[in-house]
Amino acid sequence: MAQALTQEEEQATHRFLHEMNAWTSFHSVPPLSWDVAVKFLMARKFDVVRAIELFHSYRETRQREGIVRLNPLQEPLLSELLSGKFTVLSVRAPTGASIAIFTAKLHHPARKNSREVQHTVLQALFYLLDRTVESVDTQRNGLVFIYDMGGSQYSNFELELSKKILSLLRGAFPARLKKVLIVSPPVWFRVPYSIISLLLKEKLRERVHMVSMNELLEHLPPQCLPESLGGLLPWDPGSWNCLLLPARAGKPDPLDDVVLVLAEGQRGSVHKPGAGSMTLSELKEHTNSLGRRGIYEEYEMIRNEKPEGTFSAAM
């Protein structure tokens with residue numbers, strides 16, 4: 001949906017599209033739309049360089065996790081979307097932010113193939129968040145993420161999935177993450193959280209709060225929370241998520257072709273052998289001869305050289 005932008009924001013959008021559509025043209029995939037550009041720019045406050053970095057992080061994460069050509073009306077994705085494990089509330093925070101909830105006690109990785117379960121959960125997460133950030137209000141006002149651990153056991157917890165969700169939210173998804181509220185964390189969660197927190201930059205770490213259900217009300221009013229979290233909303237994740245489902249299979253994701261573009265290393269290096277080039281065995285011998293100090297010194301020398309080429313080439 002088109003939206004009113006300031007003159008500076010429009011200029012940033014044109015620069016983003018100029019850079020990115022040179023990239024899409026080179027890879028023979030459809031160009032990005034104005035709305036897609038604005039979505040990624042909004043998430044990075046119209047900083048073009050950071051928005052391009054975010055776009056490629058998003059694309060590479062979807063490619064790595066196989067989040068492509070999703071049909072939300074097909075199993076097992078449909079059941080996952082309607083399970084209530086992950087949902088986006090039908091109301092907003094007083095700031096206008098969307099509110100997403102992951103209910104840990106509904107996650108059962110040990111009941112069947114853990115990798116398949118994790119893949120389906122990530123598909124549902126991407127689908128619902130993608131639909132949520134189509135909203136101009138969400139783009140402007142951001143996202144509050146609630147990780148509800150009330151009533152959960154250690155068997156409901158999956159460290160690898162938690163790390164992937166956190167990595168997605170912190171730097172691979174086009175949304176302004178306002179807060180992460182971890183509600184009713186069990187005592188055993190302290191050790192896994194100490195591992196997860198290592199992934200966080202200080203700025204994001206300040207936005208993560210471990211709270212009791214009563215303390216949650218200091219962050220969000222009762223009318224913005226379901227009854228299961230001490231609020232006034234009847235718990236109805238199936239109906240909430242249905243609002244984000246298409247009537248039929250829906251139109252194809254315009255970014256599917258872009259997501260499927262292979263990274264340079266997967267297609268073969270863009271670099272060609274030349275003077276001073278090395279084979280892998282020669283590189284190993286070279287680094288061994290340099291030693292740790294020599295590698296640091298060589299890196300500093302390279303880092304201080306003036307960069308060549310365009311921004312697109314560097315990306």
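In this chain, numbering begins with 1 at the start of the sequence shown.
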Asks: Mind running side chain to side chain donor-acceptor pair (under 3.5 Å) on Arg292 and Tyr296 for me, showing each step along the way?
Replies: CA-CA 6 Å; Arg292 179 178 295 181; Tyr296 285 149; 4.7 Å; no

Asks: Do Thr138 and Thr132 pass the side chain to side chain donor-acceptor pair (under 3.5 Å) test, and can you show the C-alpha distance, the side-chain angles, and the key distance before you say yes or no?
Replies: CA-CA 7 Å; Thr138 302; Thr132 302; over 6 Å; no

Asks: Checking Lys178 now: which residues fulfil salt bridge (charged side-chain N to carboxylate O under 4.0 Å, His left out) with it, not counting sequence neighbours?
Replies: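 Counting only residues at least two positions away or on another chain, Lys178 forms no salt bridge (charged side-chain N to carboxylate O under 4.0 Å, His left out).
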
Asks: Considering residues at least two apart in sequence or located in another chain, which fulfil the side chain to side chain contact (heavy atoms under 4.5 Å, CB included) criterion with Asp236?
Replies: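 Checked Asp236 against side chain to side chain contact (heavy atoms under 4.5 Å, CB included); matches are Ser239, Trp240.
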
Asks: Sequence neighbours left out, cut at 3.5 Å: what donor-acceptor pairs do the side chains of residues 213-232 make with other protein atoms?
Replies:
residue	atom	partner	partner atom	Å
Glu215	OE1	Ser212	N	2.8
Glu215	OE1	Ser212	OG	3.4
His219	ND1	Lys179	NZ	3.0

Asks: The criterion is side chain to side chain contact (heavy atoms under 4.5 Å, CB included); which residues satisfy it with Glu300, sequence neighbours excluded?
Replies: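 Checked Glu300 against side chain to side chain contact (heavy atoms under 4.5 Å, CB included); matches are Arg303, Asn304.
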
Asks: In this structure, are over 12 heavy atoms from other groups packed under 6.0 Å from His209 atom NE2?
Replies: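 Yes - once you tally the heavy atoms of other residues, nucleotides and ligands closer than 6.0 Å, there are more than 12.
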
Asks: Applying side chain to side chain contact (heavy atoms under 4.5 Å, CB included), name anything that partners Leu128, two or more places apart in sequence or on another chain.
Replies: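 Residues passing side chain to side chain contact (heavy atoms under 4.5 Å, CB included) with Leu128: Leu81, Phe86, Val88, Asn241, Leu244.
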
Asks: Could you tell me whether Arg131 and Glu134 make a salt bridge, using a distance below 4.0 angstrom between a side-chain N and a carboxylate O?
Replies: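 Between Glu134 and Arg131 there is a salt bridge, with a charged N closer than 4.0 Å to a carboxylate O.
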
Asks: Does the side chain of Gln118 pick up a donor-acceptor pair with the side chain of Glu160 at under 3.5 Å?
Replies: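 Distance-only check fails for Gln118 and Glu160.
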
Asks: Under a 4.0 Å N-O cut-off, is there an ion pair linking Arg293 with Glu297?
Replies: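 A salt bridge is present here (some side-chain N lies under 4.0 Å from a carboxylate O).
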
Asks: Would you say that Arg92 contacts Ser135 through its side chain, given a criterion of any heavy-atom pair below 4.5 Å between the two side chains?
Replies: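 Side-chain contact under 4.5 Å: yes.
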
Asks: With a 6.0 Å cut-off (strictly less than), is the heavy-atom count around CD of Gln7, excluding the residue itself, greater than 12?
Replies: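 No, because the 6.0 Å sphere around CD of Gln7 holds 12 heavy atoms or fewer from other groups.
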
Asks: Hey, can you pull the donor-acceptor pairs under 3.5 Å for the side chains in residues 143-154, sequence neighbours left out?
Replies:
residue	atom	partner	partner atom	Å
Asp148	OD1	Gly150	N	3.0
Ser152	OG	Met149	O	2.7

Asks: State whether Glu9 and Arg140 are salt-bridged, where the test is any N-O pair (Lys NZ or Arg NE/NH1/NH2 against Asp/Glu carboxylate O) under 4.0 Å.
Replies: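 Yes, this pair counts.
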
Asks: Can you check whether Arg62 reaches Tyr58 side chain to side chain, under 4.5 Å on heavy atoms?
Replies: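 Side chain of Arg62 against side chain of Tyr58, heavy atoms only: contact under 4.5 Å found.
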
